[in-house]
Amino acid sequence: MTKAASSSEKTPSFEMSWGSSTSSGYCSEEDPDSEFEQYFTARTSFFPKTRKANVNVNVKQDEQIELGKQELTTADVQQKVKEYNAQINSNLFMNMNKDSSYTGFVKVQFKLARPVSVTPSKKGSHDAGGRRASGVKRRTSFYLPKDASKHLHISSRTSAREVIEALLKKFTVVDNPGKFALFERSERHDQVYVRKLSDDERPLRLRLCAGPNEKVLSFVLKENETGEVNWHAFSMPELKNFLRILQREEEEHVKQIVQRYALARTKMQEALAGSTPG
């Protein structure tokens, strides 16, 4: 059983649950005058995808957060921690602290549709002549692997916003934390329910009340979908890359439309040529 130090409430520990190969393709370039960032991926698309029919979003809030709002006494927490630890088959136990708080692990899955930006390693901070580049900001952008996940060791006092910030810090992601949100996912009666957590909700408390079963409750990191895109949260290099991607997609769609109508015209001309008036 892992003993949690009191400092873990402020600086959570982490355990990798996926490999070091995190990119389906990436590239970074330098601009001597300003920050430059370029995305490189084979599956970039800004066009919305059809949402699966069996996923329900914005379900009744009372039904979704009922467990997390339960008033628990110290004795209740101790009993739930004991029951929780008895149900798991790993060393990811929860531990009670003297101040009635508790620590444990939560697993967060990544469901990101857009690439993330990270700072480059220090090894690449020198130019070809061995001199350190000065005044040049560099970024590397890549897509996280599909269904990547990570275990976080956190406290019962750790908020959902702090979990997001800890994840980004761990991977040196420099994107604005406001671009991301933590969601809870549950499966009931052959239906999947997804709810966005508020910034001050406590994921470990939800985990304790729901138990270790991932179908009952799991956590997912996604883009912060607020109905409208907050373009002010993006940097100028990111906005320029979005425009380039949109232009490429627009040109591709125009090309497909022209080819489709050209093919239709050719078939109609062949049909007219093979028919006899009358």
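Between Asn85 and Ile88, the shortest heavy-atom contact is O-CG1, 3.4 Å. In terms of heavy atoms, Asn97 sits closest to Thr103 at ND2-CG2, 3.7 Å. Taking each heavy atom of Pro203 and Val163 in turn, the nearest pair found is CG-CG2, 4.0 Å. Counting all heavy atoms, side chain and backbone alike, Asp199 lies closest to Ser159 at O-CB, 3.3 Å. Nearest heavy atom pair, residue Val106 against residue Leu204, reads CG1-CD1, 3.9 Å. Nearest heavy-atom pair, Val116 versus Val173, reported as atom, atom and distance to 0.1 Å: CB-CG1, 4.2 Å.
Partners of Glu214 by side chain to side chain contact (heavy atoms under 4.5 Å, CB included), not counting sequence neighbours, listed by chain and number: Lys107, Arg207, Ser218. Applying the salt bridge (Lys or Arg N to Asp or Glu O under 4.0 Å) rule to Arg202 yields no partners; only residues at least two apart in sequence or on another chain are considered.
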Verdict with supporting geometry, Asn241 and Arg244, side-chain contact (heavy atoms from CB on, under 4.5 Å): CA-CA 5 Å; Asn241 280 317; Arg244 281 193 287 268; 2.4 Å; yes
Show, in sequence, the C-alpha distance, side-chain angles and deciding distance for Lys150 and Lys170, and conclude whether the side-chain contact (heavy atoms from CB on, under 4.5 Å) test is met. CA-CA 11 Å; Lys150 186 164 188 60; Lys170 176 62 180 177; 3.7 Å; yes
Test side-chain contact (heavy atoms from CB on, under 4.5 Å) on Leu167 and Leu221 and set out the steps. CA-CA 9 Å; Leu167 282 169; Leu221 182 70; 4.1 Å; yes
Intermediate values then yes/no, side-chain contact (heavy atoms from CB on, under 4.5 Å), Leu182 and Val108: CA-CA 9 Å; Leu182 195 63; Val108 180; 4.0 Å; yes
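Taken to the nearest 0.5 Å, the CG atom of Asn176 stands 9.0 Å off from the CG atom of Leu168. The distance from the CD atom of Gln256 to the CD atom of Glu252 is 5.0 Å, given to the nearest 0.5 Å. Taking CD of Gln109 as the start and CZ of Phe183 as the end, the distance is 13.5 Å to the nearest 0.5 Å. Atom-to-atom distance recorded for Phe180:CZ and Leu112:CG is 6.0 Å, nearest 0.5 angstrom. Taken from OH in Tyr193 to CD in Glu187, the straight-line distance is 11.0 Å, to the nearest 0.5 Å.
A salt bridge between Lys179 and Glu238 is present, with a side-chain N of the basic residue lying under 4.0 Å from a carboxylate O of the acidic one. Here Arg157 pairs with Asp99 in a salt bridge; the nearest charged N to carboxylate O distance falls below 4.0 Å.
At a cut-off of 3.5 Å, with distance as the only test, a side-chain donor of Glu83 or Gln79 sits close to an acceptor on the other residue.
The backbone N or O of Ser101 lies less than 3.5 Å from no partner atom in the side chain of Ser156, so there is not a single donor-acceptor pair. With hydrogens and angles disregarded, a donor-acceptor distance shorter than 3.5 Å links the side chain of Asn224 to the backbone of Gly178. Under a 3.5 Å cut-off, the side chain of Glu223 and the backbone N or O of Ala113 do form a donor-acceptor pair.
Residues Met96 and Met94 have side chains not in contact (no heavy-atom distance under 4.5 Å, counting atoms from C-beta outward). Counting only heavy atoms from C-beta outward, the side chains of Leu197 and Arg195 approach each other to under 4.5 Å. Side-chain contact between Ile164 and Arg161 is present, with at least one heavy-atom pair separated by less than 4.5 Å. For the pair Leu72/Cys209, a side-chain contact is recorded, criterion being any heavy-atom separation below 4.5 Å from C-beta on. Side-chain contact between Glu249 and Ile245 is present, with at least one heavy-atom pair separated by less than 4.5 Å.
In this structure, Val258 shares a hydrophobic cluster with Val254, the cluster being traced through Ile, Leu, Val, Met, Phe, Trp and Tyr side chains under 4.5 angstrom apart.
Using cut-offs of 30° and 60° on the angle between ring planes, the pair Phe171 and Phe110 is perpendicular.
A side chain to side chain contact (heavy atoms under 4.5 Å, CB included) with Val77 holds for exactly one of Thr74, Val81, Thr73; it is Val81.
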